[in-house]
Every structure is written in structure tokens, then in C-alpha cells.
Number of protein chains: 2
Amino acid sequence: MNDKLLELDKRKAFILATVVYEYINTAEPVGSVTLTQKYNLGVSSATIRNEMAELEAGGYLVQPHTSAGRVPSDAGYRTYVDRLMAPETLTKDDSRRIRDQFREASTELADVIDQTTRLLSGLSGNLAMAIAPSRDTHAFKHVQLIWLSARTSLAIVVTSGGVAAQRVFEWSTDVNADDLTRLSNALNSRFGGRVMEDIGATEIDAVSAELGVSAEIGDAVRTVFATARATDEPEIAAAGAQNLLDQPEFHDLRKLRAILRIVEEQRTLYDLIADELTAESASTPDGAPHVRIGHELRADELAECSVVTVPYRFGDRGVGMLAILGPRRMPYGRLIALASGTARSLGEHLNDVEIR
Amino acid sequence: MNDKLLELDKRKAFILATVVYEYINTAEPVGSVTLTQKYNLGVSSATIRNEMAELEAGGYLVQPHTSAGRVPSDAGYRTYVDRLMAPETLTKDDSRRIRDQFREASTELADVIDQTTRLLSGLSGNLAMAIAPSRDTHAFKHVQLIWLSARTSLAIVVTSGGVAAQRVFEWSTDVNADDLTRLSNALNSRFGGRVMEDIGATEIDAVSAELGVSAEIGDAVRTVFATARATDEPEIAAAGAQNLLDQPEFHDLRKLRAILRIVEEQRTLYDLIADELTAESASTPDGAPHVRIGHELRADELAECSVVTVPYRFGDRGVGMLAILGPRRMPYGRLIALASGTARSLGEHLNDVEIR
DNA sequence: GTTGGCAGTCCGCCAGACAGAGTGCCAGGC
DNA sequence: GCCTGGCACTCTGTCTGGCGGACTGCCAAC
């Protein structure tokens, strides 16, 4: 690949756009004759051949083998997406399906995320993914220890992100309802409004010690705070892997396997999208979709894939991410419109409905 | 397939067992010469040929085409599993890996289920699934409305299955902490110990009305009870679909697609296993693994698959199910041992750790 | 700068040949 | 009566060579 790309005159740009468009639709390498027959270019195939040879030298096209048509390179797709492609809007039908879906969507965050990936994979015909907003920076709001019976209690922690942890504890000795209430009140007044990650174990222990509660209860409180802060298991969902089987590029079992492995390894999948969450939310305008193509994904297994990502807002609870993964040969315009539209509806749904 | 199967004498039984064993290991149709060469049968290949012809007539073996070796039929596998196969126990290595896994497993039910499927798919080299115990028959234990601020409250319902619902509500007018406490106490004394599904909306409304709380709060209470009772989204997890790609029987993309679709359609997957949960938990000894082979699964897409299921106990909270899905040509003995061992460890883990 | 023409290249497909694996059957032996 | 070696037959998978099709690159002419 060239460091510096060839400048494109108007005709080259049109030819490149047409090659990409045709290849996306047919999955077959595009030849000069096909081009002149199907599109009104006003010149002969010989001229197209000359132009295509220059586009190949310039790094926009590649030839799978001598005497085959041309296929776009990463740079070819990139140029197409950034400068040549006509932006698309949602079709009426897609809009309706998205609206219908969210009208009866769940009120539980994990379920909504899950349903959204199903919707998006169905509409896009590709693999769809979603991650929930991270809870790194949530503020502590409330802790409550609730007396259930002499030997069992419920502890619950609420943050600005909603209920962050709850758990039933069993005690080896009887506990007193008043003690639990006093401890709850003390913790609330001490930590109210603080950011979760700043609330340390020693400080929690100090409060327990002040009130003279048993070691067992002190341990329980520390545990439930730790759980509320935990961010190691990000909420992530994926759906539609079987859609990829329809794409000729995945008829090769090795490639398919590599993709499936990535999808099941939630960690890799998360990193793939989360990169975008940190890097891009600062640099691009709010809510803009973003496309990464082939090697831009920095993973060999995904060298023939592209990913469309788009952030969604969850009120003041942070930013999540929707993503569509498919072959590089994907209908970028349509998928960008779909992802954006779905992200918008998802955000609205999350704000309208009280999500726990 | 024959209604009545041929009686098997000792030699036929041994030959059938050997054919199944060999086919499971090689994935190639088994011929008479292979059999005499690899196993000490004491007779010539011609004799084996005669026996195999009878086994085929009896419905235990089939021939993919003339002049190919034999392959077991559903009945052949069934006989092997029920009567011919030597039971296996967990290897030291597998035991250790299961133990290690649960030593550091999560305390959250959904996560444990998820991690268990990953473990089991990794060990078995097949697709693993798990469903959590249903919460149909849980008993109501406690409800608490917690004052967070003048305009926000937290409602939480605890059942014998743990925390069944929690949700933050925002009010249009200020609410009073004492009102919330009084309502909580009234609900607790009214419903304590009852089975969740017997607690109706009208009865809940009656309590709210008695205490004269606002309609808004009344609605909230009804909503949170409804959520706690909801069983429509069964907790189900699956992992290891990519393992199936290694099996030659899934190199056919259509078959693979059908399987992947089933895995993503959680409903079908759930039905597949839940059948077993209701039908079998009554009829088979507690905790016994169960195998369903090919057409026994009553799904055309799964005609070439088998499923091993094994229930696990979650204390007094009901029974869940682990399952392994793979080609009929699966190492039944090993998978049964793995599933049983994992189910046992999972049950122990769920009882040891306080799961929320 | 553009074009038609032409030689050259590579792929995919098909038919035919062939080796390999396995069966069924039969006649002879224990 | 059961077992066995031998043999003819069948079917598969693979390999090969040939052929048509689809392109390209280049050149000479416009």
C-alpha cells in the first residue's frame, strides 16, 4: 500500500466509486467491460482499463490475479466511504421496524441491549453488537441494609447508574434491625455524592468500626461496595453471526472460525468497540457514526471485515456503543443509516422509560 | 428404521460397539478390514462382513453408499449408549480444571451460568448450554421502598430466589420517607411467605389504597411486583458454537447455518432443554444425565446431532439444566462424565456462595 | 487523449482415467 | 453348520488435460 495516494480526478473518482458499488452488489471482481456496459461512462472499455491500471498503481484497487477484474483495497473503500458515497437515510420500512421494536422493548438494560442487537442484525443482515455504558464514573447515591429475618439481611447500593449491587447475606448470629439502619444512615451521610471509585475499603471499615457493628457485617458492607464498583464484566451483546454465512467471503471455514471465536471471546469484541468509545467520543462530533475498514481494525482475523460503530447516549449515565460487523464489501450507506437510526431510538427509549 | 430391533448376540454386540467407537474416533465409515486389523476379533473380515450385513438389516448400521463402510444409525448409537458403552469417570485433569474454574467463579447467577457454559464448551469441544432455575414457585420474602431523595425512590422485592426485582422511580411530587416505610411494612405483613404468582394486582392496590398513598406510588408498587413475577425471559446461555466447525459433519454450510440459527433463537434452545427439565426430572433418578440422539430431538435441523443434558440443583431454589450439543458422533462417555461433574460442582458452588 | 484490435494469461469446469476401499457372494475347509 | 480366502463388482475421490470464458496490457491508428 502506498503512503501517499494518487490524487483522483473526477473521472477516476467516478470509476472508483462505480467499481466499489458494483463489487459490493455482486461480490465479483469488476472488469472494464462490465463497467462500460452497466454504467454510462461515455468512454470505451480500453480507456477504463487505462484508468483502472492507474487506480491500481495508486493503491485504490487490487487484482486477485492477472486477468481478473479489480477489487477495492482498504484505501479504495476508505475513499469511497469518506468522499464518494452518497449518504443514505433510513427507508420508511426500516424506520417503522425500529420504531415498532422499541415501542414494546424491555425496561431492563441488559434485555434492551440484547433486543437491540437482534433488531440491528436482522435489519442489517450482518453481525450486530452493543455495549452498555460503563459505570466507571458513577456517583454513589445510597446504600441500604435491610433486615429480612434475624439471620438474613439484604444489602443494596444505588449509584447514579441505578442499582449497582444487591445481595442477600446470611449471618451466623442474630442481627438487630436498628443496627442495620444506623449503619446505612452513617454510610449514606459519609459517602453521599462521592464518585464510586474514590470510596476505599479502609474508609468503609472505619465507618463500620465507629458504629461497633460485628466483623461479619463489616465484611458484608465492604463486599457489596466492591461489587458495585466492579467494571470487569462489561455488558456486551452480539447477535446475527449466522448472517455472515451468507457472505461468500466467509465460505472459507478458517475465516469463519476466526470470526466466531472473536464473537464468543467477549473481551476481544469489547476492546474492538471500546477503542472507539474512548478515542472517538472526544474527537468526533457527538453521535457521529464511524467506519473502520480491514486493516484499520488492527486484527489479522478481521482483515477482510469492516465495522460501523455509533455511540448512543443514555441520559446522564454515560455513552454506550452500537456496532455492525460484516465483510468489507458491506453497503456502508445503508448500514450507517441503520446504525444511527437505531442508536437514536435506543437513546430515546432509554431516556423515556425508567430503566433500572 | 425397524420397529422391533434384532436381538444382539455377544459377537454382534461387540462388533456394533466397535463400529460406533471407531466411527466416533475417525469420522470415517468403518469397513470390515479396518475392524479386523485394529481390533482383535478372532475372526476374518468375511465373517465380519456377514455380521455387519445382519446388523444393517437389523437397523443398527447404515451404509452411506454401496461399497462404503458402515456408519451407526440412531438405533445403533442408542444401543451403544444404553448397553454397550463403558461408563467413564472424570480424568484428573478435567476434575482439576472444573474445580479451579469454580474456585474463582462469580457470585452473580447470570455470570456463573455464562462462565459454566464457557468451561463446559472448552472441556467438551462442543456447544454447551445452561439454563437457570425458573422462578415460578418462589415465595415472597420482602419488599422495601427506599427514600433516595424527595423525588426519587428505590423499590426492591426479595423472594426465596433472591432479589427478584429492583427499580428506581422518579416522582412528579415530593414523597415522604415515612410513607414509604409504612407501605413497605404493610405489604410485608400482608404477603409474607406467599407464593409470588398468587399475589394479584388488585390485592396490592388494596394495600396501597388502605394507606392512602398516591396513585403514582401505587402504580410503582404494582409494577415492581409484576417484574418480580415475570418468567418470560428464561436465563439461558450458550457458548462454543465455533467448536462445531471442527467437526466434519458441519462443513456443510446449510447444516451449520441451521444450528447457528437455533443457538441464536433462545426460545428454541430453551424448549430443547426445558423439555428435559419437566419430563425427566420426574421420571429419572435425581441428577442422572440423559442423552437424546438424532431424531429423538424431534427437529429436522438436529437430525445429525445429539444432546447430553444433566440437571443441577440450586439448593431450594429449583432445578437448572446443563446441556452439551454436538454431532451424533460424540464421545458419549466422556461428555456424560464432564456434564455430570460440572453440574455437581455448579450446584455446590451455588450453595456455598451466597448467590444474589 | 481515446479507441479497436489482438495476443497472452489465468480461472473454472468437465470428462475420462485410475487407484483405493469396501462389499457380496461363492466354493471349499474344518 | 460356521468360517474363510478369493474374486468380481461398485462407488468415491483425485488427478489430469483440454477448452471456453473473462480479463488485461499493449500497440498502432485516429
Side-chain angles (χ1 to χ4, degrees), chain A residues 6-16 18-20 22-23 25-73 76 248-249 251-252, chain B residues 6-16 18-20 22-23 25-73 76 248-249 251-252:
Chain A
L6 179 77
E7 277 300 304
L8 295 179
D9 59 35
K10 207 163 172 186
R11 191 169 69 186
K12 279 199 180 58
F14 185 67
I15 292 173
L16 174 57
T18 313
V19 170
V20 176
E22 179 72 9
Y23 185 61
N25 286 316
T26 63
E28 297 290 332
V30 183
S32 57
V33 179
T34 318
L35 232 45
T36 49
Q37 278 170 352
K38 283 183 127 176
Y39 303 88
N40 184 16
L41 297 169
V43 290
S44 78
S45 64
T47 310
I48 304 294
R49 278 201 287 284
N50 291 330
E51 293 285 54
M52 282 169 96
E54 287 184 48
L55 282 168
E56 183 172 355
Y60 294 97
L61 297 178
V62 293
Q63 228 176 341
H65 56 85
T66 339
S67 91
R70 256 76 172 206
V71 160
S73 67
E249 31 271 274
H251 286 3
D252 180 344
Chain B
L6 181 77
E7 279 299 304
L8 295 179
D9 60 34
K10 207 163 172 186
R11 191 168 69 186
K12 279 200 180 60
F14 185 66
I15 292 174
L16 174 57
T18 314
V19 170
V20 177
E22 178 73 8
Y23 184 61
N25 286 318
T26 62
E28 297 290 332
V30 183
S32 56
V33 179
T34 319
L35 231 46
T36 49
Q37 279 171 353
K38 285 182 127 177
Y39 303 89
N40 185 17
L41 297 170
V43 290
S44 78
S45 64
T47 309
I48 304 295
R49 278 201 287 284
N50 291 329
E51 293 285 53
M52 283 168 96
E54 289 185 47
L55 282 168
E56 183 173 354
Y60 295 97
L61 297 177
V62 292
Q63 226 176 342
H65 58 85
T66 339
S67 92
R70 257 78 173 206
V71 160
S73 66
E249 30 270 274
H251 286 2
D252 180 344

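Naming: A, B, ... by sequence-line order, numbering from 1 per chain.
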* Asked: Among D:dT24, D:dG5, D:dC23, which nucleotide sits nearest the side chain of B:Ser44?
  -> D:dG5
* 5' to 3' contact window, DNA chain C with chain A (heavy-atom distance under 4.0 Å) -> C:dT2 to C:dC11
* **Residue mapping more 5' on DNA chain D - nearest nucleotide basis, A:Thr34 or A:Ala46** => A:Thr34
* Do A:Ser44 and A:Thr47 come within less than 4.5 Å of each other through their side chains, counting heavy atoms only? -> yes
* Structure fact -> B:Ala68 and B:Gln63 have their tightest heavy-atom pair at O-NE2, 3.1 Å
* Nearest-Å distance, CZ (B:Arg49) to P (D:dC2)? -> 18 Å
* Structure fact -> What one should report as the nearest heavy-atom pair of A:Tyr23 and A:Pro72 is CD2-CD, 3.5 Å
* Asked: Can you find a heavy atom in the side chain of A:Val19 that is under 4.5 Å from one in the side chain of A:Met52?
  -> yes
* Structure fact -> Separation of D:dT24 atom P from A:Asn50 atom CG, nearest Å, is 11 Å
* To do: Calculate, to the nearest 0.5 Å, the distance between atoms CZ and CG belonging to A:Phe14 and A:Leu35 respectively.
  => 8.5 Å
* Asked: Judged by atom type as modelled, is there a donor-acceptor pair below 3.5 Å linking the side chain of A:Ser73 to the main-chain atoms of A:Gly59?
  -> yes
* Asked: Contact class for A:Ser32 vs. all strands (heavy atom < 4.0 Å): base, sugar-phosphate, or nothing?
  -> sugar-phosphate
* **Gap between atoms CD and C1', on B:Glu51 and D:dG1 respectively (whole Å)** => 14 Å
* Asked: Starting at CZ of A:Arg70 and ending at C1' of D:dC23, how long is that distance when rounded to a whole Å?
  -> 9 Å
* Asked: Do B:Val30 and B:Val20 come close enough that some side-chain heavy atom pair is under 4.5 Å?
  -> no
* Under 4.0 Å between any heavy atoms, over every strand shown, what does A:Ser45 touch: base, sugar-phosphate, or nothing? Just pick one. => nothing
* Measure the distance from CE on B:Met52 to C1' on D:dC3 and round it to the nearest whole Å. => 17 Å
* **pair B:Lys12-B:Asp9: side-chain heavy atoms closer than 4.5 Å** => yes
* Beyond-backbone contact of A:Val43 with A:Glu51, side-chain heavy atoms, under 4.5 angstrom -> no
* To do: Return no unless some side-chain N or O of B:Thr47 is found under 4.0 Å from OP1 or OP2 of D:dC3.
  => no
Collect all protein-nucleotide pairs involving nucleotides 18-20 of chain D in which both atoms are nitrogen or oxygen and the distance is under 3.5 Å.
none

* Asked: Rounded to the nearest Å, what distance is computed from the CD1 atom of residue A:Ile48 to the C1' atom of nucleotide D:dG25?
  -> 15 Å
* To do: Let me know the distance between CG of A:Leu55 and P of D:dG25, rounded to the nearest Å.
  => 12 Å
* Asked: Side-chain N or O of A:Ser67 less than 4.0 angstrom from OP1 or OP2 on D:dA22?
  -> no
* Asked: In whole Å, what is the span from the NE2 atom of A:His65 to the P atom of D:dC23?
  -> 10 Å
* Give B:Ala68 one of three labels, base, sugar-phosphate or nothing, depending on what nucleic acid heavy atoms sit under 4.0 Å from its own. => sugar-phosphate
* Are the side chain of B:Thr26 and the backbone N or O of B:Glu22 linked by a donor-acceptor pair below 3.5 Å? -> yes
